Amino acid sequence: MIKIAFFDTKDYDTEFFEEYNKNYNYEITYFESKLNAETAQLAKGFDAVCIFVNDVVDKTVLEKLNEYGIKLIALRCAGFNNVDLENLGNIKVVRVPQYSPYAVAEHATALLLNINRKIYKSYQRVKKYNFSLDGLLGFDLHNKTIGVVGTGRIGKAFIEIMKGFGTKIIAYDLFKDEKASQELGFEYVEFDELCQKSDIISLHCPLTPETTHIINKNSLSEMKPNVIIINCSRGNLICTDDLIDALSTGKIGGVGLDVYENESDFFLKDMSNSYERDKNLSLLISMPNVLITSHQAFFTSEALNKIASDTCQNIADIFASGTCINEVK
Ligand code: NAD
């Protein structure tokens, strides 16, 4: 029987994986801890580890996993920036490249609408029986220019939604999808131009050395006054210090973040009774035009079903044949 050490477990993971595991009979041990250098020893005696977005699989962790004879790292997410692919040794890596682009694209839309129309403010107000409209002024999305960075599965799903609002879409991607550009009706531009022309910028590219801090002092300075920035991709795409500086000048209209640079110690956990705080995160939360969700964009039942079913199948493929269509190389 294949033994799997399952890290960073939440109740919903157990619920969905136990259901699909009825067809595979893996021996799964669920750990609440994230996988990192301190917890790697928990993987001793297992065949595979199953991890999520904030587990850290660096060189040190990989040395330990190789020493314990781990054969597979099964990512139950699309991004793989948290795994050091240069130092895998004998270990293979699989991921779930597509579980629901709609889940993330719809969440990006929810953040955008919420920020623009100040729904988060009116919700709090109405709870207090305050029905005033002061400070709630938004703008029509219709005819506005949306800049989409990364036109992969999620970027394209987001473009389709935005088209429904009657917006003009410009996009930046290292690898242009000309067919999609024609079919969905959007235009590719250089990143600088996207920053200069967009009323709203939504990030849907992966975190790589090239995209790390793609939103920084320079790109922020190019943007239009009152731009809205949405990040449902990875926290490190934005230099938080530079974003806070730009927010403090009043230049930015609004920011919707589902991810944050130093999210791993905070997101997906109840920290409300802890005294541990992150200064930049606290600053962002306190800003009147910033809305943060806790890496929630993927969180729909459709996505969780697909993550569990594909992860179980990825593991089966690797142990049966040594290969898998979802292997990360
Ligand atoms: P995808 O691989 O289908 O698309 C990514 C796109 O980014 C591709 O078109 C690629 O060419 C482009 N790209 C790569 N390098 C680039 C660069 N340097 N500059 C501009 N574009 C570049 O991936 P996807 O399924 O659309 O997911 C996109 C990202 O969304 C993932 O990498 C992940 O980080 C993030 N994500 C977040 C959540 C969440 O819950 N918040 C869930 C799933 C995925």
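Indexing begins at 1, ligand by ligand and atom by atom, following the structure's order. The structure presented is a predicted model; accordingly, all values stated were derived computationally and were not measured.
- With Ile154, Val96, Val53, Thr208 as candidates, the residue nearest to atom 26 (O) of ligand 1 on a non-hydrogen basis is Ile154.
- Looking only at distances, a side-chain donor or acceptor of Ser294 sits under 3.5 Å from a matching main-chain atom of Leu268.
- Distances from atom 23 (O) of ligand 1 to the protein include no heavy-atom value under 4.0 Å.
- Using a 3.5 Å distance cut-off with no hydrogens or angles, the side chains of Glu222 and Asn218 do not pair a donor with an acceptor.
- Looking at Ser233, Pro206, Ala303 and measuring to atom 5 (C) of ligand 1, the nearest heavy atom belongs to Pro206.
- Scanning all protein heavy atoms for the shortest distance to atom 37 (C) of ligand 1 gives Cys232 O, 3.2 Å.
- Numbered from 1 in the order shown, with element, the atoms of ligand 1 that lie under 4.0 Å from a heavy atom of Val104 read 38 (C), 42 (C), 43 (C).
- Of the protein's heavy atoms, Thr211 CG2, 3.2 Å lies nearest to atom 18 (N) of ligand 1.
- Between the side chains of Thr300 and Tyr102, no donor-acceptor pair is found at a separation under 3.5 Å.
- For atom 4 (O) of ligand 1, the closest non-hydrogen atom on the protein side is Gly152 CA, 3.1 Å.
- Below 4.0 Å from some heavy atom of Asp258 lie the following atoms of ligand 1, by number and element: 39 (C), 40 (O), 41 (N).
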For this session: Take Tyr12 and Phe299 through the ring pair (Phe, Tyr, Trp, His ring centres under 6.0 Å) test and state the conclusion after the steps.
Result: CA-CA 10 Å; Tyr12 49 81; Phe299 200 54; 4.6 Å; yes
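- Atoms of ligand 1 lying under 4.0 Å from at least one heavy atom of His295, given by number and element, are 39 (C), 40 (O), 41 (N).
- With 3.5 Å as the limit, one finds no donor-acceptor pair spanning the side chains of Asp11 and Thr14.
- No side-chain donor-acceptor contact under 3.5 Å links Ser321 to the backbone of Ile318.
- The salt bridge (Lys or Arg N to Asp or Glu O under 4.0 Å) pairs that include a residue from residues 244-263 number zero, where partners must be two or more places apart or lie in different chains.
- Residue contact check for ligand 1: Leu207 places no non-hydrogen atom closer than 4.0 Å to it.
- A side-chain donor-acceptor contact under 3.5 Å links Asp55 to the backbone of Leu35.
- Using 4.0 Å as the threshold, Pro101 has no heavy atom nearer than that to any atom of ligand 1.
- Close approach of ligand 1 to Ala297 is summarised as follows: ligand atoms under 4.0 Å from at least one heavy atom of the residue are 39 (C), 40 (O), 41 (N).
- In the vicinity of Tyr99, heavy-atom distances shorter than 4.0 Å reach the ligand 1 atoms 42 (C), 43 (C).
- Under the 3.5 Å distance criterion, with hydrogens and angles disregarded, no donor-acceptor pair is assigned to the side chains of Asn82 and Asn54.
- The closest heavy-atom contact to atom 33 (C) of ligand 1, among the options Lys156, Gln98, Arg234, comes from Arg234.
- Two residues are said to be in side-chain contact when any heavy atoms from C-beta on lie closer than 4.5 Å; Phe319 and Leu72 meet this criterion.
- Of the listed residues (Tyr172, Phe298, Phe80), the one carrying the non-hydrogen atom nearest atom 20 (C) of ligand 1 is Tyr172.
- Taking each of His107, Arg153, His204 in turn, the one with a heavy atom nearest to atom 2 (O) of ligand 1 proves to be Arg153.
- Atom 9 (O) of ligand 1 has Asp173 OD2, 2.6 Å as its closest protein atom, hydrogens excluded (heavy atom only).
- Ring geometry for Phe191 against Tyr172 counts as tilted: the plane angle lies between 30° and 60°, on a 0 to 90° scale.
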